[in-house]
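Remember, it's a predicted structure, so these values are computed and weren't measured experimentally. Below, chain A is the first sequence line, B the second, and so on; all start at residue 1.
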Amino acid sequence: MRTRSFLLAGLLVALLVAGVGSYYASSHPDGLEHVAQQTGFLDSADDPKDTGSPFAGYETKGVDDARLGGGLAGVAGVLLTLVIGGGLFRVLRRREAPSSTDAA
Amino acid sequence: MHVPDGFFDAPTSVATGVVAAAGVAVALRKARAELDDRTAPMAGLVAAFVFAGQMINFPVGAGTSGHLLGGALAAVLVGPWTGALCISVVLLVQALFMADGGLTALGTNITLMALVGAFVGYGVFRLALAVLPKRVGSVPVAAGLGALVSVPTAAAVFALLFAVGGTADVATGKVLAAMVGWHLVIGIGEAVVTALVVSAVITSRPDLVHGARGLAATRRPLLAEEVSA
């Protein structure tokens, strides 16, 4: 598989997992939350601060449908991570000496 | 395992913030050696994939769930320094945009999931790889073992931090036992997902898997020798 096709396929899987699959994820509290509840320190958690993001809580502001709002938040998160991470790694990478054959 | 604001007192949050900042600073330098024109886009994809994977909570019984942390997975796929940066970016996006994990707890979360997750995961992966048969097929198994150990280890570090700087007065032993117990079970899920994903990438592009380097690359020089002989 060519690198470009591989990367696109991987991104498609990530978008499907976050945009569609996440709706079917378990909504039970996760390990830490469960332990906090069970041993009695969950109350010490503060409410999350409002950063002004429309995707707080993996929902989308203004979208009432849980499936759609959650899916949009998931897709936005994947793309934000890709742009920030991809940009960072692009800056960090060692540039290879320019060669005529490397057009990728 | 995303820690919200309020679980830890200010000195502990500052201390883990310093640890996280130092770890990320070193990783920013060391990751250069792992990143080139081919692996940099792969690393961006790995970060995005871990974000997606973390949205999939799987049930582990008694009304509790777990999800991929991804430290071991990222470390095996793109190298431990780059892997730690991948998870840090995921945690940053979650804290800033998803209100998942507190802003003042970002240092704690990076310490637990990015640093402990990636480096314990990668360390165990390397140890397992040294013991297992020297072939590409061992890589997903070793990655799964790294993942399996990384999750309860991060949980144990949480409990130790909680003993030092938790705002609630709960017996350390109780928190430690419950955290490690539940995260051993979650670690099994982490191991399965990590092994499957590493296996899938190795099947299509073994050359893009950092942890398979010595093993996947041995084939090419051999072929060259056969041709010239």
Between chain B and each of A:Pro48, A:Gly19, A:Ala45, count heavy-atom pairs under 4.5 Å; write down the option with the most. A:Ala45
Does the pair B:Leu176 and B:Phe162 meet the rule for a side chain to side chain contact (heavy atoms under 4.5 Å, CB included), with working shown? CA-CA 9 Å; B:Leu176 181 66; B:Phe162 196 81; over 6 Å; no
Counting distance only, does the side-chain N/O of A:Arg94 pair as donor-acceptor with the main-chain N or O of B:Ala33 below 3.5 Å? yes
I'd like to check B:Met179 versus A:Thr39 (side-chain heavy atoms, cut-off strictly below 4.5 Å). Are they in contact? no
Just by modelled atom types, is the A:His28 backbone N or O under 3.5 Å from a matching donor or acceptor in the B:Ser65 side chain? yes
Ranking A:Gly40, A:Ala36, A:Ala56, A:Ser27 by heavy-atom pairs under 4.5 Å to chain B gives rank one to A:Ala56
Measuring from atom CG of B:Leu35 to atom CZ of A:Arg90, what distance do you get when rounded to the nearest 0.5 angstrom? 12.5 Å
Going by residue number, which parts of residues 64-73 of chain A are within reach of chain B, meaning a heavy-atom gap below 4.5 Å? A:Gly70, A:Ala73
Under a 4.5 Å cut-off applied to non-hydrogen side-chain atoms, are B:Val164 and B:Leu160 in contact? no
Please examine the side chains of B:Val175 and A:Phe41, heavy atoms only from C-beta on, and report whether any two atoms are closer than 4.5 Å. yes
Do any of residues 2-12 of chain B have a heavy atom less than 4.5 Å from a heavy atom of chain A, and if so, which, in residue order? B:His2, B:Val3, B:Pro4, B:Asp5, B:Gly6, B:Phe7
Do B:Leu68 and B:Phe58 come close enough that some side-chain heavy atom pair is under 4.5 Å? no
When rounded to the nearest 0.5 angstrom, what is the spacing between CG in B:Leu184 and OG1 in B:Thr153? 9.0 Å
Heavy-atom distance under 4.5 Å to chain A: side chain of B:Ile186, backbone, both or neither? side chain
Which residue out of B:Leu28, B:Val185, B:Leu45 racks up the most heavy-atom pairs below 4.5 Å with chain A? B:Leu45
Taking C-beta and beyond as the side chain, do A:Leu42 and A:Glu33 meet within less than 4.5 Å on heavy atoms? yes
Result of checking B:Thr39, B:Asp36, B:Thr82, B:Asp37 against A:Arg93 for side chain to side chain donor-acceptor pair (under 3.5 Å): B:Asp37
Can you check side chain to side chain contact (heavy atoms under 4.5 Å, CB included) on B:Phe158 and A:Val35, steps first, answer last? CA-CA 12 Å; B:Phe158 170 89; A:Val35 170; over 6 Å; no
Please state whether the side chain, the backbone, both or neither of A:Ala9 comes within less than 4.5 Å of a heavy atom of chain B. neither
Is it true that a side-chain atom of B:Thr194 and a backbone atom of B:Ala191 form a donor plus acceptor pair closer than 3.5 Å? no
OG1 of B:Thr108 to CE of B:Met113: how many Å apart, nearest 0.5 Å? 9.5 Å
So what's closer than 4.5 Å to chain A heavy atoms on B:Leu85: side chain, backbone, both or neither? both
Chain A neighbours within residues 91-101 of chain B, where any heavy atom lies under 4.5 Å away: B:Val93, B:Gln94, B:Ala95, B:Leu96, B:Phe97, B:Met98, B:Ala99, B:Asp100
Looking at chain B, which one of A:Pro29, A:Ser22, A:Ala18 has the largest number of heavy-atom pairs inside 4.5 Å, strictly under? A:Pro29
Output yes when a side-chain donor or acceptor of B:Thr64 lies under 3.5 Å from a complementary backbone atom of B:Val60, and no otherwise. no
Looking only at B:Met1, B:Arg29, B:Arg32, most heavy-atom pairs under 4.5 Å shared with chain A are made by B:Arg32
Among B:Cys86, B:Ala47, B:Ala43, residue most engaged with chain A (heavy-atom pairs, under 4.5 Å): B:Ala43
One option among A:Ser53, A:Ser26, A:Ala14 has the most heavy-atom pairs under 4.5 Å with chain B, and it is A:Ser26
Which residues in residues 79-86 of chain A have a heavy atom less than 4.5 Å from any heavy atom of chain B? A:Leu80, A:Thr81, A:Leu82, A:Ile84, A:Gly85, A:Gly86
Verify the distance criterion only: is there a donor paired with an acceptor across the side chains of B:Arg205 and A:Thr3 at less than 3.5 Å? yes
Are any of the side-chain heavy atoms of B:Leu161 and B:Thr16 separated by less than 4.5 Å? yes
Reported CG-to-CG distance for the pair B:Leu196 and B:Leu73, which is rounded to 0.5 angstrom: 10.5 Å
NE2 of B:His67 to CG of B:Asn57: how many Å apart, nearest 0.5 Å? 5.5 Å
B:Val78 side chain near A:Phe89 side chain, heavy-atom distance below 4.5 Å: no
Just so I know, are the side chains of B:Glu34 and B:Pro80 near enough to count as touching, which here means a heavy-atom distance under 4.5 Å? yes
